[in-house]
Visitor: 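Structure incoming, see below.
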Amino acid sequence: MTDSPPVAPVVDLPLPLPVPAQPAPESTARVVWKRFRRHLGAQVGSLLLLILVLAVLLAPLSPYDPEKSRILDRFQPPSWQHPMGTDPLGRDLLTRILYGGRISMTVGVLVVGITLTLGVTVGAIAGYAGGILDHLLMRITDAALTLPSLLVLILLGAIMREVEVPIFERNSVLTIAVVIGLLSWMTFARLVRAAFLTLRELDFVTASRALGASPFRIVLRHILPNTIGPIIVEATLELGYAIIEESGLSFLGFGIQPPTPSWGNLLSNAQENFIRYPWLAIFPGIMIFLTIISVNYVGDGLRDAFDPYKVLQKAGEV
Amino acid sequence: MTQYIVRRLAQAVAMMFLLSIVFFALVNLAPGGPLAGYGNARRIPAHEVARLKRQLGLDKPMLVQYVVWLVGNDWMKVDLDGDGVADSYGARRGVLRADFGYSFRTRQPVLKEIGQRVPNTLYLMSITLFVALAIAIPVGVISALKQYSPFDFTVTTLAFAGQALPDFWLGLILIIVFYVWLRNPSTGEPLLPSGGIYTIGAPFSIADRLAHLVLPVMAGALGWLAWYSRFLRSSMLDVIHQDYLRTARAKGVPERTVIFKHALRNALIPLITLFALDLPYIFGGAVFIEMIFSWPGMGLLYYQAALQRDYPVLMAVLVIGALFIIVSNLLADLLYAYLDPRIHYD
């Protein structure tokens, strides 16, 4: 046996620190969802909104017809048969309110879709492209913001009432949604543009560009997902505004036209008779109020859930 | 600064010009054109409509009509009697010389119609705003100072609900409560009137005027009251934890002075700017309030004009509305720079 140089005995060296098994980092969506679930307002708001949406969807279960008049039953006060009473044509008000809710909520959702598409497109192009295109798009946005929106809404509603084009005729749901949408995409455009101006300068975007990604891919895959928080919050609030705007416009008589019920035109029709038959005015408004407040609470919860500053604040790090 | 203001004013003029073209196109491209509402009440034979069109210059191309609307037609020969021959000078002076034409509905000069309505709207809205701010500011401050107290919790919840109440519905409910349900115990009459500025035919009395103000002011103020109290609460909370307040306290400044002089003054800056930006929307809400309470102001005028397609009036109110927004925006920016010395425009 030859003398070999002494070799350090092989022992199990302990790792620098005994690390307990680390859970995989949580995805942003999960974190947001957890925070949203803990938010009291969001809990109440989502529950209420869920009930309202379900009720509206189940409207056909009502034993009454929303449009057929039953003149003998007119102006019945609220009772077990008619929980919200009946209207001047003897129709069950609850049934009409539920069908009206379908219209009002559909307008709301359509408006969110329209403003989201228009606003995000304008904002993304302006924010990413910069230069003359940005300047031009922002001047258009400014001009749109200078419109006295309620007055223009009334004017367009009054004009479109007379239009006889298929799907747009007599102030259809789509007409009203388009008109409201065209007057309210600007907030999204500004929001998205501002986010893009910051994000496009960040390293991961530069890296992606260096790797040869097309502008289209950079915008859709890398920048847009990072703006999703504020967009979702704004979209929720927009849903509330849109429902209020539709009811306001229909209340004035320039929105959805009877006999199709909407919460606004139910209130509008109530105007002639509400002094003697107050339930006609009370119930449609309660539905608008409950919907708006639940939407606002959900929006509030989402804002807090998406707000990174809020997290740090709660953790006591700021 | 002067240069900044001049530039903003130039932009404002360009914007007004652009918007007036948009409005004009909207109004005139509507189906049936401006005459659609003219003969609504009576049946007018076709040759009369044609004559009316010639008299009003509606047979001319749109561009000519816009120019006439803008600068008038007293410099060109027009067909005043509608016989098909342009033989006399027009009488219109154009918007640039303060002539908005005649209302289709009342045949009065538009500017006169508006002049009669503006004071009523200003009267209602200034009191509404005064009430909203007079309540919102103290409530917001107390709410912030006692953050998380029962008072704060109540106020925050109520304000959240108040913002979800549509003002047009609130107006109807107030009428049901104060006009239908509640009665004056001595006379048995409704407790408060449901509309109008004063009792028609009754001698002037301040009590009567005030009684007519209560419901429209309540309906109009609640939403803004909720909005501003929430805003001031958070604006006050932002300020309240800043170091300069601690410094002031350390120097022995009394708590009252710290709150009202040091904190509130700074918390009010964003509120004032926001207020200037909100002004057009606050006045826009007048359409609903004035309609529900039959208040003869600008909002009701616009509503009636839209119902009857009274295009000269619609055009005038739209232009005034846009002008109001532009001026309010400029005012907000200037106030902000004036109140916060850190802001500079160049």
Side-chain angles (χ1 to χ4, degrees), chain A residues 41 45 139-140 142-165 240 243-245 247-254 263-264 267-268 270-271 274-282 284-297 300, chain B residues 11-12 14-16 18-19 22-23 26-27 29-32 36-37 157 160-161 163-173 175-177 179-181 194 280-281 283-288 291-292 299 302-303 305-309 311 314-315 317-326 329:
Chain A
R139 288 296 81 76
I140 294 176
D142 287 347
L145 280 168
T146 319
L147 289 172
S149 53
L150 180 65
L151 301 185
V152 177
L153 197 62
I154 291 173
L155 176 72
L156 290 177
I159 291 175
M160 296 301 281
R161 274 203 306 188
E162 324 266 327
V163 171
E164 311 259 341
V165 183
I243 291 176
I244 284 220
E245 272 169 65
S247 9
L249 193 63
S250 300
F251 175 71
L252 293 175
F254 301 118
W263 287 339
L267 272 182
S268 170
Q271 269 198 303
F274 79 99
I275 300 272
R276 285 170 64 197
Y277 312 107
W279 59 87
L280 292 175
I282 294 175
I286 289 182
M287 295 301 275
I288 303 177
F289 171 68
L290 289 179
T291 310
I292 304 301
I293 201 168
S294 57
V295 166
N296 284 356
Y297 267 124
D300 206 44
Chain B
Q11 281 172 355
M15 188 68 92
M16 280 311 299
L18 184 77
L19 288 178
V22 172
F23 294 150
L26 274 181
V27 164
L29 289 174
T157 313
F160 212 88
Q163 275 195 278
L165 271 181
D167 48 5
F168 47 91
W169 181 57
L170 183 62
L172 297 182
I173 297 303
I175 292 179
I176 292 176
V177 174
Y179 178 77
V180 182
W181 289 348
S194 68
Y281 296 95
F283 275 80
V287 176
F288 294 112
M291 176 203 163
I292 293 166
Y302 190 79
Y303 171 69
L307 270 187
Q308 307 192 14
R309 304 263 223 124
Y311 287 122
L314 290 175
M315 276 304 291
V317 181
L318 282 167
V319 166
I320 293 172
L323 194 65
F324 193 34
I325 294 184
I326 290 179
N329 288 357

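Sequence lines set the chain letters: A, B, ... in the order given, protein chains first and strands last, and positions in each chain run from 1.
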Visitor: Which answer fits A/Ser294, side chain, backbone, both or neither, if we ask what part of it has an atom under 4.5 Å from a heavy atom of chain B?
Guide: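 Neither part, no heavy atoms under 4.5 Å.
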Visitor: Minimum heavy-atom separation for A/Glu245 and A/Leu153, please, with both atom names.
Guide: OE1-CD2, 4.0 Å
Visitor: What part of A/Leu252 lies closer than 4.5 angstrom to a heavy atom of chain B: side chain, backbone, both or neither?
Guide: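 Both backbone and side chain.
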Visitor: Picking from B/Tyr303, B/Phe168, B/Trp169, what satisfies ring pair (Phe, Tyr, Trp, His ring centres under 6.0 Å) with A/Phe251?
Guide: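 Passing option: B/Phe168.
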Visitor: For B/Leu18, which atoms come within 4.5 Å of any heavy atom of chain A: side chain, backbone, both, or neither?
Guide: side chain
Visitor: Would you please test A/Leu155 and A/Ile159 for side-chain contact (heavy atoms from CB on, under 4.5 Å) and show each step?
Guide: CA-CA 6 Å; A/Leu155 176 72; A/Ile159 291 175; 4.0 Å; yes
Visitor: Does any backbone or side-chain atom of A/Asp300 lie under 4.5 Å from a heavy atom of chain B? Answer side chain, backbone, both or neither.
Guide: side chain
Visitor: Mind checking the CE-OG spacing from B/Met291 to A/Ser268? Nearest 0.5 Å is all I need.
Guide: 6.0 Å
Visitor: Heavy-atom distance under 4.5 Å to chain B: side chain of A/Val152, backbone, both or neither?
Guide: both
Visitor: List the atom of A/Trp279, the atom of A/Pro284, and the distance in Å for their closest heavy-atom pair.
Guide: O-CD, 4.1 Å
Visitor: Which of the residues B/Ile175, B/Leu314, B/Asn329, B/Asp167 is involved in the greatest number of heavy-atom pairs with chain A at under 4.5 angstrom?
Guide: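 Answer, by heavy-atom pair count under 4.5 Å with chain A: B/Ile175.
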Visitor: In terms of heavy-atom pairs under 4.5 Å with chain A, which of B/Ala322, B/Gly321, B/Gly284 leads?
Guide: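 Most heavy-atom pairs within the cutoff with chain A belong to B/Ala322.
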Visitor: How long is the gap from CE on B/Met16 to OG1 on A/Thr146, to the nearest 0.5 Å?
Guide: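 It comes to 9.5 Å.
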Visitor: For B/Leu165, which atoms come within 4.5 Å of any heavy atom of chain A: side chain, backbone, both, or neither?
Guide: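 For B/Leu165, the contact with chain A is made by backbone and side chain together.
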Visitor: What part of B/Phe324 gets closer than 4.5 Å to chain A, counting heavy atoms only: side chain, backbone, both or neither?
Guide: neither
Visitor: For A/Arg161, which atoms come within 4.5 Å of any heavy atom of chain B: side chain, backbone, both, or neither?
Guide: side chain
Visitor: What part of B/Leu26 gets closer than 4.5 Å to chain A, counting heavy atoms only: side chain, backbone, both or neither?
Guide: both
Visitor: Got a donor-acceptor contact below 3.5 angstrom from the B/Tyr302 side chain to the B/Val317 backbone?
Guide: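 Between the backbone of B/Val317 and the side chain of B/Tyr302 there is no qualifying donor-acceptor contact (under 3.5 Å).
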Visitor: Given a strict heavy-atom distance threshold of 4.5 Å, which part of B/Leu172 is in contact with chain A: side chain, backbone, both, or neither?
Guide: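 When you check distances to chain A, atoms from both the backbone and side chain of B/Leu172 fall under 4.5 Å.
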Visitor: Taking side chain as everything from C-beta outward and backbone as N, CA, C, O, which of these in B/Tyr179 sits under 4.5 Å from a heavy atom of chain A? Side chain, backbone, both or neither.
Guide: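 The answer is the side chain of B/Tyr179.
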Visitor: Counting heavy-atom pairs under 4.5 Å to chain B, which of A/Ile244, A/Leu290, A/Leu267, A/Asp142 comes out on top?
Guide: A/Leu267
Visitor: Where is the tightest heavy-atom contact between B/Phe23 and B/Leu318, given as atom of each residue plus distance?
Guide: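 It is CE1-O, 3.6 Å.
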Visitor: Among B/Val180, B/Ile292, B/Ile176, B/Ile326, which residue has the highest count of heavy-atom pairs closer than 4.5 Å to chain A?
Guide: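 Going by pairs under 4.5 Å, I would pick B/Ile176.
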Visitor: Report yes if some heavy atom in the side chain of A/Ser149 is under 4.5 Å from a heavy atom in the side chain of B/Tyr281; otherwise report no.
Guide: yes
Visitor: Please report the shortest heavy-atom distance between A/Ile293 and B/Ala161, naming the atom on each side.
Guide: CD1-CA, 3.5 Å
Visitor: So which part of A/Phe254 gets closer than 4.5 Å to some heavy atom of chain B, the side chain, the backbone, both or neither?
Guide: side chain
